[in-house]
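Take a look at the structure set out below.
Note that these values count all heavy atoms, side chains included, but never hydrogens, waters or copies made by symmetry. By convention here, the first residue in the shown sequence is residue 1.
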Amino acid sequence: YPHERDALKTDRRECMYDFKTFAQMNLDLIFQGFDRMPQPGEEVFAKRFTMQLGGGPIVCPIVLEQLGFRVRLGTFLGQDDVSNLCRRLLDQRGFSSYDEFTQDNPDPVVVTSVFSWEHDRGFLAHNEGVYESVLDPETVYGFLRDAKVVFAPVGQPEVTRRLHEEGVKVVYDSGWSDDLSIDGIKAFLPYIDVYTPNDKEARKLAGTDDLEEAVRFLAGYTPHPVVTLGKGGCAYWHDGSIRYVSAIDEFRAVDTTGAGDNFLTGIIYGLLTEEPLDRCVRLGNIFAGKSTTAVGCFGAAVTPALIRKYL
């Protein structure tokens, strides 16, 4: 653990940070305890509602900083009320390790209504698509270059290649979109150390309903695809074969919002503590499972004691 281990051995002596990422700022409006979605002209009441910071790569630095790592977030905020609300929510979490990058869009924050049922979720989001792709490559590279592990920058394949070749560990999770395709991400997948789509995303990318066929397909593009399976744990490619790691059964799920982002955070934790891939995947399951025991992405804290217990 960070306070118990020597500094990570690295030839990249200029490293100052353990982890860095760019990320959209996300605000989640989470509704729970309702019987059905409203039809046009109807009103349906939820028993519970909460508003909090949402998911995506933003989860990784916030959770990792709480575990003692040195992190930095690059994000996009405006001067509108929603952006100011997000600044207040970051301040309430005690998180100030972020830089705001200049962009032209006055409304850069992603606002998502999360409809959370017991076993699944639905989303209605407003997203202007303000990513680090709006920045010039040297700005993106300059921000990320002094970290040991980074999240792959969106729309910057040459920066991803350059970082990877310099010894930076690169992780990536593309997330779902209706136009998700291998053509949109294959330019930088060879430079991704760990890629973590869920099973639906993996099957769409591979154009197949067969999980193992999808894992093999992704292994043709990236060295370590790790496909999350919800309650089924995950399947991953290692040394020329497909392996499985089970989920942690002891965690009682109340909300799965942010589970995938916390899974990726566990993977990064394992990379930073120099764990082998199978234990990195196990850490992903620990972080993801714990996150489902409270509402939202940050409701359930992962502690060193919890990690020791389940790892």
Side-chain angles (χ1 to χ4, degrees), residues 17 19-28 53-62 71-80 82-83 86-87 90 97-112 123 125-147 149-166 168-198 201-202 204-205 218 221-222 225 258 260-261 264-265 268 297:
Y17 290 89
F19 176 73
K20 278 189 172 184
T21 185
F22 283 93
Q24 291 180 288
M25 188 60 61
N26 285 273
L27 179 66
D28 280 0
L53 292 172
I58 187 178
V59 171
C60 303
I62 293 175
V71 304
R72 200 75 185 172
L73 166 68
T75 192
F76 306 93
L77 291 165
Q79 299 305 314
D80 56 297
V82 175
S83 293
C86 290
R87 291 185 181 97
L90 287 167
S97 303
Y98 66 95
D99 296 324
E100 297 180 25
F101 284 82
T102 302
Q103 45 76 44
D104 294 331
N105 195 305
D107 191 20
V109 176
V110 180
V111 180
T112 304
F123 306 94
H126 172 257
N127 186 351
E128 291 288 343
V130 181
Y131 297 99
E132 55 271 28
S133 54
V134 305
L135 303 175
D136 67 90
E138 283 305 312
T139 297
V140 175
Y141 171 76
F143 177 73
L144 296 174
R145 66 179 298 273
D146 61 346
V149 180
V150 301
F151 190 91
V154 173
Q156 302 281 357
E158 284 304 305
V159 173
T160 303
R161 176 195 60 77
R162 187 175 175 185
L163 291 167
H164 175 79
E165 291 177 352
E166 291 177 1
V168 180
K169 296 291 185 184
V170 185
V171 298
Y172 184 59
D173 179 4
S174 54
W176 174 264
S177 67
D178 289 340
D179 59 353
L180 180 66
S181 73
I182 195 67
D183 290 336
I185 60 176
K186 66 182 181 182
F188 59 87
L189 278 183
Y191 312 116
I192 304 300
D193 291 278
V194 182
Y195 174 48
T196 63
N198 63 33
E201 294 158 355
K204 182 173 176 58
L205 286 166
L218 292 173
Y221 290 91
T222 190
D261 304 313
L264 182 60
T265 306
I268 297 167
C297 299

Work out which heavy atom in M25 is nearest to a heavy atom in F76; give both atom names and the distance. CB-O, 4.0 Å
Please tell me if the side chains of T75 and D99 come closer than 4.5 Å, counting only heavy atoms from C-beta onward. no
Compare all side-chain heavy atoms of V110 with those of H126 and state whether any distance is below 4.5 angstrom. no
Looking at OG1 of T160 and CD1 of I192, how far apart are the two atoms once the value is rounded to the nearest 0.5 Å? 5.5 Å
Test side-chain contact (heavy atoms from CB on, under 4.5 Å) on S174 and L180; report intermediate values, then the result. CA-CA 8 Å; S174 54; L180 180 66; 3.9 Å; yes
I'd like to know if the side chain of S133 and the backbone of G155 have a donor-acceptor N/O pair within less than 3.5 Å. no
Evaluate R87 against E100 for salt bridge (Lys or Arg N to Asp or Glu O under 4.0 Å), listing each step before the verdict. CA-CA 11 Å; R87 291 185 181 97; E100 297 180 25; 3.0 Å; yes
Any donor and acceptor pair, going by atom type alone, linking the side chain of D193 with main-chain N or O of V171 inside 3.5 Å? no
Closest non-hydrogen contact found for P61 with P57 is CD-O, 3.0 Å
To the nearest 0.5 Å, how far apart are OH in Y141 and CG in D136? 13.5 Å
Kindly write out the residues that satisfy ring-ring contact (aromatic ring centres under 6.0 Å, His included) with F101, not counting sequence neighbours, or none if the list is empty. F22, F143
Roughly how far, to the nearest 0.5 Å, is OH of Y195 from CZ of F188? 8.0 Å
What distance do D107 atom CG and E128 atom CD have between them, rounded to the nearest 0.5 Å? 5.5 Å
Is it true that D179 and S177 share a donor-acceptor pair across their side chains at a distance under 3.5 Å? yes
Tell me, with the steps shown, if C86 and L77 meet side-chain contact (heavy atoms from CB on, under 4.5 Å). CA-CA 8 Å; C86 290; L77 291 165; 4.2 Å; yes
Pairing donors with acceptors under 3.5 angstrom, does anything connect the side chains of Q156 and Y131? no
What residues form a side chain to side chain donor-acceptor pair (under 3.5 Å) with E158, not counting sequence neighbours? R161
Heavy-atom closest pair, residues Q103 and P108: NE2-CG, 3.8 Å
Looking only at heavy atoms, what is the nearest atom pair of G56 and D261, with distance? N-OD2, 2.9 Å
Are N26 and L53 close enough that some pair of their side-chain heavy atoms sits under 4.5 Å apart? no
Rounded to the nearest 0.5 Å, the CD1 atom of I58 sits from the CD atom of Q24 at a distance of 10.0 Å
Verdict with reasoning, I185 to L205, per side-chain contact (heavy atoms from CB on, under 4.5 Å): CA-CA 10 Å; I185 60 176; L205 286 166; 3.9 Å; yes
For L189 against I182, the heavy-atom pair lying closest together: CD1-CD1, 3.7 Å
Under 3.5 Å, is there a donor-acceptor pair between the Y191 and T222 side chains? no
For a 4.5 angstrom cut-off between non-hydrogen side-chain atoms, does V109 reach V130? no
Would you check if R145 and V168 make a side-chain contact, meaning some heavy-atom pair closer than 4.5 Å? no
Are the side chains of C60 and L264 in contact, using a 4.5 Å heavy-atom criterion? yes
With sequence neighbours left out, write down each residue that passes side chain to side chain donor-acceptor pair (under 3.5 Å) with Y172, or none if nothing qualifies. none
Which atom of C297 lies closest to which atom of G54, heavy atoms considered: SG-C, 3.7 Å
Determine whether V149 and K20 satisfy the following criterion, side-chain contact (heavy atoms from CB on, under 4.5 Å), listing intermediate values before the conclusion. CA-CA 7 Å; V149 180; K20 278 189 172 184; over 6 Å; no
State, with a plain yes or no, whether a side-chain heavy atom of P153 is found less than 4.5 Å away from one of L144. yes
At what distance, to the nearest 0.5 angstrom, does NZ of K204 lie from OG of S181? 8.0 Å
So with a 6.0 Å cut-off around CG of D104, is the heavy-atom count from everything else above 12? no
With a 4.0 Å cut-off, would you call R162 and E138 a salt bridge? yes
Could you check if a side-chain atom of V150 sits within less than 4.5 angstrom of a side-chain atom of L163, using non-hydrogen atoms only? yes
Relative to Y98, does R72 satisfy both conditions: NZ or CZ under 6.0 angstrom from the six-membered ring centre, and within 45 degrees of the ring's axis? no
